Chemist: 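The structure is given below, and queries will be raised subsequently.
Only heavy atoms go into these numbers, but all of them, side chains included; no hydrogens, no water, no symmetry mates. Predicted model only: the values in this text are computed from it and were never measured. All residue numbers refer to positions in the sequence shown, counting from 1.
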Amino acid sequence: ATLQCTPTDLVDSAGQVANCTVTINQPAPLGGLSIALTPPPANSRYTTTCGSAISVAAGETSASCSITATANTVPADGDVSATLQLATPDAMADYVLGTPIAATVTVRNDDLPSVGVSCTPNSLVDADSQVAVCTITSDVPAPVGGMTIRLTSPISGPRFSTTCGNSAVIEAGASSTTCTITATPNTVVGDGDVTVSLALATPATGAGYQLGTPNQAALATPLKSIGL
């Protein structure tokens, strides 16, 4: 008897099923042939119809069971493996083990973390120590190696400075990172107001995150002149 599962990779979405087939090299006898199995351990990430044995019907040469991924939308919940094996047959069994005798099906996470941005406060004046802190936040901690977030940084101008560039890195294990927008102090009368916007840019292919909400932040009340 041999065992094979197809496909060997699933994602945690609806309709993701691996069919596992036990095959013998000649038709099963009258009454069928029971093949002993070692099923995969219970896990919330998948279900299985594979038990401790599977029966090949009389005259048939194969029988199947399945491993089905549990659909979820939990980001960064990792991958799990489900291993099914042919168990050692009883001494009186009417079959022997061939190869392969084991198959592993991996259920992979396909849910991306969501990233948003916000700036606090949302109003500055052109005086000393006027700083808005902009926080880029992921709804789950960043993986090993961190998470690089693409930004559309504010258009530079004489009325403010910023540490927000074209990208920001959320370090491994952290859920956020920050940059700042600082008003340039002056005493120029009638120089008007300016609005500063910071946005999350469209993620690069394979970036490992998706845009959440809010994905743009503006100092909604423009930088106000207080020159006299």
Side-chain angles (χ1 to χ4, degrees), residues 11-14 44-45 69-80 107-228:
V11 294
D12 51 7
S13 299
S44 61
R45 299 290 302 283
T70 302
N72 73 46
T73 55
V74 179
D77 57 353
D79 304 335
V80 297
V107 179
R108 302 190 185 281
N109 170 60
D110 69 345
D111 305 302
L112 297 177
S114 295
V115 175
V117 62
S118 61
C119 294
T120 303
N122 63 1
S123 177
L124 303 176
V125 294
D126 49 7
D128 289 329
S129 303
Q130 290 285 296
V131 181
V133 177
C134 299
T135 304
I136 297 97
T137 304
S138 169
D139 59 0
V140 296
V144 174
M147 186 187 301
T148 300
I149 311 301
R150 295 176 67 187
L151 303 176
T152 299
S153 58
I155 299 173
S156 60
R159 301 291 302 282
F160 67 91
S161 61
T162 181
T163 62
C164 304
N166 293 325
S167 65
V169 176
I170 301 177
E171 299 293 342
S175 296
S176 65
T177 189
T178 62
C179 60
T180 59
I181 297 170
T182 303
T184 301
N186 72 54
T187 56
V188 178
V189 177
D191 59 352
D193 304 332
V194 295
T195 299
V196 183
S197 295
L198 174 66
L200 301 181
T202 301
T205 302
Y209 69 94
Q210 62 186 346
L211 297 185
T213 54
N215 55 47
Q216 182 170 347
L219 302 188
T221 303
L223 297 174
K224 294 187 176 297
S225 172
I226 59 170
L228 299 176

Chemist: Tell me the closest heavy-atom pair linking Ile136 and Ile170, and the distance in Å.
Modeler: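 Minimum heavy-atom contact is O-CD1, 4.0 Å.
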Chemist: Can you check side chain to side chain contact (heavy atoms under 4.5 Å, CB included) on Thr177 and Ile149, steps first, answer last?
Modeler: CA-CA 10 Å; Thr177 189; Ile149 311 301; 5.9 Å; no
Chemist: So, for Gly145 and Ala172, which heavy atoms are closest and what is the spacing to 0.1 Å?
Modeler: N-CB, 3.9 Å
Chemist: With no hydrogens and no angle check, is any side-chain donor or acceptor of Thr178 less than 3.5 Å from a backbone partner on Val133?
Modeler: no
Chemist: Quick one: CG on Asn122 to OG1 on Thr195, what's the gap to the nearest 0.5 Å?
Modeler: 11.0 Å
Chemist: Taking all non-hydrogen atoms of both residues into account, name the closest pair between Pro113 and Ser138 and its distance.
Modeler: CB-OG, 3.7 Å
Chemist: Could you measure the distance from the CG atom of Leu124 to the CG atom of Asp193? Nearest 0.5 Å is fine.
Modeler: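 One finds 11.5 Å between CG of Leu124 and CG of Asp193.
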Chemist: Considering all heavy atoms of both residues, which atom of Tyr209 and which atom of Arg150 are nearest to each other, and what is their separation?
Modeler: OH-N, 3.0 Å
Chemist: Would you give the length of the straight line joining atom OG1 of Thr148 to atom CG of Asn166, rounded to the nearest 0.5 angstrom?
Modeler: 12.5 Å
Chemist: If you measure from CD on Gln130 to CD1 on Ile181, what distance do you get to the nearest 0.5 Å?
Modeler: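 The CD1 atom of Ile181 is 13.0 Å from CD of Gln130, to the nearest 0.5 Å.
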Chemist: Could you state the interatomic distance from CG (Asn186) to CG (Asp128), rounded to the nearest 0.5 Å?
Modeler: 10.5 Å
Chemist: Quick one: pull up CG in Asn72 and OG in Ser44 and give me the separation to the nearest 0.5 Å.
Modeler: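 Between atom CG of Asn72 and atom OG of Ser44 there are 8.5 Å.
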Chemist: If you define the side chain from C-beta out and look only at heavy atoms, does anything of Leu200 sit under 4.5 Å from Leu151?
Modeler: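 Answer yes - side chains close enough.
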Chemist: Between Cys164 and Cys134, is the SG-SG gap less than 2.5 Å?
Modeler: no
Chemist: Which heavy-atom pair separates Pro75 from Asp139 by the least distance, and what is that distance?
Modeler: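 Nearest heavy atoms, Pro75 then Asp139: CG-OD1, 4.1 Å.
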Chemist: Between Asp79, Asp12, Asp77, which is the residue that forms a salt bridge (Lys or Arg N to Asp or Glu O under 4.0 Å) with Arg108?
Modeler: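 That would be Asp79.
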Chemist: Report yes or no: does Thr163 contribute a side-chain atom to a donor-acceptor pair with the main-chain N or O of Cys179 at less than 3.5 Å?
Modeler: no
Chemist: Do Ser153 and Thr162 touch side chain to side chain, with heavy atoms closer than 4.5 Å?
Modeler: no
Chemist: Mind listing the closest non-hydrogen atom pair of Pro185 and Ala127 along with its distance?
Modeler: CB-C, 3.6 Å
